[in-house]
Amino acid sequence: MSEKKRDGTKSLGLGIFVGIVMLCYSIWRIFFTLPLPGKEGWLAFFGGLLLLIAEIFSSYEAMTHYLAQRDVWEPEMPEIPEDWYPDVDVFISTHNEDTELLFKTANACTMLHYPDPSKVHVYLCDDTARPEVEELAKKLGVGYFGLKNNKFAKAGNINNALSKSHSPLIATFDADMIPKSNFLMETIPYFFLPRMKRDEEGNWLVKSPEEIDEKEEVGFIQTPQAFYNPDLFQYNLYAEKRVPNEQDYFFRQVNIGKNSTNSVLYAGSNTVISRKALEEVGGIATGTITEDFETGLRIEARGYRCYAVRKVVAQGLAPITISSLIKQRVRWGRGCIYSLRKVHLLTNKEFSPQLKLSYYSCRIYWESFSRRLIYILSPVFFLLLGIPLVVLNLRQLLFVWLPYYILYSFLLRHVSSEIRDARWSNTIDTIMFPYLLIPIWAEELHINEKKFSVTAKSRDLNEQNEFYLAIPHICLLGISLLSLLFAMRALILHRAFGLIIMTAWIAVNSFSLLMAIFFMKGRINERGSERFRADIPLEILAGEKPLEGRIQDISEGGFAFWSSRALELDTEGEKELCFRIKDRDYTALLSGELISVNREKKEKRWVYRVKLSGEMDWETKRQYMQIVYDRDNPLPQKLSEDTSYFDDVLKIMDNSTREREEQRRRLPRFRVREKCRLEDGTELMLEDFNYRYLRLSPLKGARLPKRLVLYKGTGYEVNCQRSGLRNGIYKITNSKALLKNQSFLEKLREWEKKQK
């Protein structure tokens, strides 16, 4: 067996106890609480039956999650000799993605660290055979596989590349997934786990031939599909600083839990896969819109050991429009159901019971969106239409249903993690369910969707408003709030205390629906590219001696840097400045324009913002893109602990209505408040100064002249003329000379010390 890194175990005894309670509860619900057609009517019977089925499947899903997380572990990466690292083919799949998006991924792949770089073979796999993609491959010095008239979409594209390449291991990337430079070094060693072991001191040793277990041969290593931009759930709900990416829950918890049952899902990207395993299953699965999902299942059915690991070593671009997100999830859901039906999951003798159970839970997940509608409408049916979907008295409610619900809630909290809790799961499911119900059930009824579609990732700052997608949520919220009023009325007038639970139920539903409406309302994204936190030394090439600063955030279009003192930067007459950035293995010489500067009082430093020039030479562009993207994920890795239902709503309302005024000063501004006397005896107050302009206010009824000289006879006279901007604002006509005057620079330092 491979070495394992365990997260700890969950109690098997607790799992058995909860399972028995759930079974007893289900039997009680079936035989004692289901409304009968002869008494409550057929509508109540069918509605009650749907609610019962929803509860049973919810219990099953909770139990499978518990069992999957009972012994969570991931393999330890062995240390292997450098000459063991084999040749690797790197496939970047592209269909119709913009070449600028594709460039960032391909560029990063050419800079992957490896003991022998000549063993890394990068290929752009283009199933539309575009001339511009072939040209990009030539400029980057990578291979190109063009494919016209491809009938099998991404699967056909990769299979074509497989037939034309030879390395024993293959790394697969989607067009937008940018690998970090350590991607191969953090994945390839896992394929040697069957040949390695630890000794008592913890050192890695090579096994003897007799110790090697052929059943442990590795099929693929799946790393997380992480994103460098906030996903729509984070961004639209103003949660990008306190909630992890929605996909983190699957890749860093659920998929890790599948290591114990060897049922890890192959996600198609950010993966290293064995050529031998692929060839045994006939290549990437065709005839399905989730080719990666089905391929992984077939490889595991052949007995290959497949692992998921938590370390993020590649990052991509999450969907940036609601419609593209919905389209993506519809494809995932329909493809999952179709593939599981295609391989005859439950009856196929190749699949172990553990594999069947694990993959069937994937199907149950997509059916959970139907349960969301049932849970929202059930209390409405009772309160507005008087249709009882559950028949029970107050005593049964308090002594049977309520204890079970508490136990079920405990189980949900137990399977929740620092990445996702029940409240956030309900919010996401409520947002998505109206647009997944029909496609999922169409697939269940064998109305298949076989057309593969690529999720749109291009950024358009003028995307049309998609609030119309909130219509189902608005309608459901309206009837839920009306039901809540009826419940409150019955509580007050008739003291129907059994409705307290119903009231709480509707309140929770209303919260999720309100969050869905906020989500659909959207949020304007004014950035053309994402900004990342950073700490990078910077040289500003101004004057004879370079000035120094430190970059605090960076993006494709520019960066912000700080300095503990105000820098003598004057851009008059030459808009652009030159900058040199050196970060790890990358160096870029850039030109850009200062667009603002502000003083951060708390940190006692000046922060400058720079917009880069539009064009960079080829090598500079390659280096700078690596400086921007070859870094750790900047988004939260765990849930903030200080959130609640009310906090979530209040933060969204506050952020969405607050006016943001961003000062756009081009140069440092000093608050001076210093008395000055002119040659004629006129007294003025120098209020503030920013190298090019200053503001004066008269004292003792003095008048402000059109032209004046401050600090006459000091050796650093400041020549000014009225600017015409507004009364009291003067332009400094000798600003360049002052910046070279040592006496004046000492005066600046004096002013800077006074800043609060």
Side-chain angles (χ1 to χ4, degrees), residues 1-12 64-80 169 171-172 177 179-180 182-198 202-205 207 213 215-227 244-245 247-274 277 292-293 296-297 299-300 303-315 352 354-355 357-359 361-362 414-420 632-633 637-638:
M1 290 295 291
S2 63
E3 298 294 327
K4 302 175 183 179
K5 235 182 338 183
R6 295 183 182 275
D7 285 355
T9 59
K10 297 183 185 295
S11 168
L12 178 60
T64 55
H65 273 300
Y66 180 88
L67 293 173
Q69 302 303 316
R70 197 179 67 81
D71 186 14
V72 178
W73 58 270
E74 59 180 310
E76 285 192 88
M77 188 177 72
E79 298 171 5
I80 62 173
L169 296 178
T172 56
M177 282 289 174
K180 295 166 66 175
N182 62 343
F183 178 86
L184 294 178
M185 302 304 292
E186 294 290 342
T187 51
I188 299 299
Y190 287 108
F191 285 87
F192 295 90
L193 270 173
R195 296 169 57 181
M196 303 294 291
K197 66 179 180 180
R198 280 192 184 277
N203 301 310
W204 286 99
L205 302 175
K207 290 180 181 178
D213 185 354
K215 294 181 180 179
E216 289 289 299
E217 188 172 0
V218 177
F220 63 82
I221 301 298
Q222 180 65 59
T223 73
Q225 284 201 8
F227 302 96
N245 188 284
Q247 285 295 295
D248 280 0
Y249 175 66
F250 175 79
F251 282 103
R252 293 200 290 117
Q253 181 168 333
V254 175
N255 218 27
I256 298 296
K258 292 178 179 291
N259 282 329
S260 60
T261 54
N262 194 34
S263 57
V264 170
L265 268 63
Y266 169 42
S269 184
N270 307 3
T271 318
V272 181
I273 194 165
S274 159
D292 39 23
F293 175 85
L297 171 59
I299 288 174
E300 287 159 348
Y304 283 92
R305 203 70 179 83
C306 302
Y307 297 109
V309 295
R310 282 195 179 90
K311 189 164 187 175
V312 174
V313 283
Q315 300 172 107
S352 68
Q354 286 183 316
L355 199 65
L357 181 66
S358 179
Y359 273 89
S361 68
C362 299
H414 214 55
V415 298
S416 294
S417 69
E418 60 182 14
I419 302 174
R420 174 83 65 84
D632 290 336
N633 192 322
Q637 300 299 299
K638 62 181 182 179

Asks: Answer yes or no: is there a side-chain heavy-atom contact under 4.5 Å between Lys258 and Leu265?
Replies: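 They are in contact (side-chain heavy atoms under 4.5 Å apart), so the answer is yes.
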Asks: Could you pull out the closest heavy-atom pair between Val264 and Phe220, with the gap in Å?
Replies: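 Scanning both residues completely, I find the closest heavy atoms to be O-CZ, 3.5 Å.
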Asks: Checking the side chain of Arg310 only, and the main-chain atoms of Arg252 only, is there a donor and an acceptor separated by less than 3.5 Å?
Replies: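 Indeed, once roles are kept as given, a pair shorter than 3.5 Å links the two residues.
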Asks: Is there a donor-acceptor contact under 3.5 Å from the side chain of Thr271 to the main chain of Thr172?
Replies: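 Pair absent, no side-chain N/O of Thr271 close to backbone of Thr172.
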Asks: Less than 4.5 Å apart, any side-chain heavy atom of Arg420 and any of Gln253?
Replies: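 Side chain of Arg420 against side chain of Gln253, heavy atoms only: no contact under 4.5 Å found.
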Asks: Test your reading of the model: is there a side-chain donor-acceptor pair from Asn259 to the backbone of Ala308, 3.5 Å cut-off?
Replies: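 Yes; at least one donor-acceptor contact below 3.5 Å.
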Asks: Would the distance check show the side chain of Gln354 and the main-chain N or O of Asn262 forming a donor-acceptor pair, the cut-off being under 3.5 Å?
Replies: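 No; zero donor-acceptor contacts below 3.5 Å.
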Asks: Check Phe183 against Thr187 and note the closest heavy-atom contact, atom names and distance.
Replies: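 Smallest heavy-atom distance, with atoms named: O-OG1, 2.8 Å.
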Asks: Do Asp632 and Lys180 come within less than 4.5 Å of each other through their side chains, counting heavy atoms only?
Replies: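 A side-chain contact under 4.5 Å exists here.
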Asks: With rounding to the nearest 0.5 angstrom, report the CD to CG distance, Glu79 to Leu205.
Replies: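 Glu79 atom CD to Leu205 atom CG measures 10.5 Å (nearest 0.5 Å).
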Asks: Salt bridge or not between Arg198 and Glu76? Use side-chain N to carboxylate O under 4.0 Å.
Replies: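 Yes, charged N to carboxylate O under 4.0 Å.
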Asks: Sequence neighbours left out, what passes side chain to side chain donor-acceptor pair (under 3.5 Å) with Asn255? Give chain and number order.
Replies: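 With sequence neighbours excluded, Asn255 shows a side chain to side chain donor-acceptor pair (under 3.5 Å) to no residue whatsoever.
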Asks: Calculate, to the nearest 0.5 Å, the distance between atoms CE and OH belonging to Met77 and Tyr190 respectively.
Replies: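 It comes to 5.5 Å.
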Asks: Is any side-chain heavy atom of Val312 less than 4.5 Å from a side-chain heavy atom of Phe251?
Replies: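 SC-SC contact between Val312 and Phe251 ruled out.
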Asks: For Gly257, does its backbone N or O pair with a side-chain atom of Ser260 as donor and acceptor, under 3.5 Å?
Replies: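 Indeed, once roles are kept as given, a pair shorter than 3.5 Å links the two residues.
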Asks: Taking all non-hydrogen atoms of both residues into account, name the closest pair between Pro194 and Lys207 and its distance.
Replies: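 Taking Pro194 first and Lys207 second, the nearest heavy atoms are O-CD, 3.3 Å.
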Asks: CG of Leu169 to CD1 of Ile188: how many Å apart, nearest 0.5 Å?
Replies: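 One gets 5.0 Å once the value is rounded to the nearest 0.5 Å.
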Asks: Under the rule for salt bridge (charged side-chain N to carboxylate O under 4.0 Å, His left out), what residues qualify as partners of Asp292, not counting sequence neighbours?
Replies: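 Residues passing salt bridge (charged side-chain N to carboxylate O under 4.0 Å, His left out) with Asp292: none at all.
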Asks: Which heavy-atom pair separates Ser269 from Met177 by the least distance, and what is that distance?
Replies: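 Between these two residues, the closest heavy atoms are OG-CG, 3.4 Å.
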Asks: Hey, does Lys311 have a side-chain heavy atom less than 4.5 Å from the side chain of Glu186?
Replies: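 With C-beta onward as the side chain, the pair touches.
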Asks: Enter the distance from Phe250:CZ to Ile419:CD1 here, rounded to the nearest 0.5 Å.
Replies: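 CD1 of Ile419 is found 12.0 Å from CZ of Phe250.
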Asks: What heavy-atom pair brings Ala314 and Pro179 nearest, and what distance separates the two atoms?
Replies: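 Between these two residues, the closest heavy atoms are CB-CA, 3.7 Å.
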Asks: Any side-chain to backbone donor/acceptor pair from Gln225 onto Gln247? Under 3.5 Å, distance only.
Replies: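 Side chain of Gln225 to backbone of Gln247: no pair is present.
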Asks: How far apart are the C-alpha atoms of Val313 and Asn182, what are their side-chain angles, what is the distance that settles it, and do they pass the side-chain contact (heavy atoms from CB on, under 4.5 Å) test?
Replies: CA-CA 7 Å; Val313 283; Asn182 62 343; 3.9 Å; yes
Asks: Shortest non-hydrogen contact from Leu193 to Tyr307?
Replies: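 The pair with the smallest heavy-atom distance is CD1-CE1, 4.0 Å.
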Asks: Do the side chains of Ile299 and Tyr266 get nearer than 4.5 Å, heavy atoms only?
Replies: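 Side-chain contact under 4.5 Å: no.
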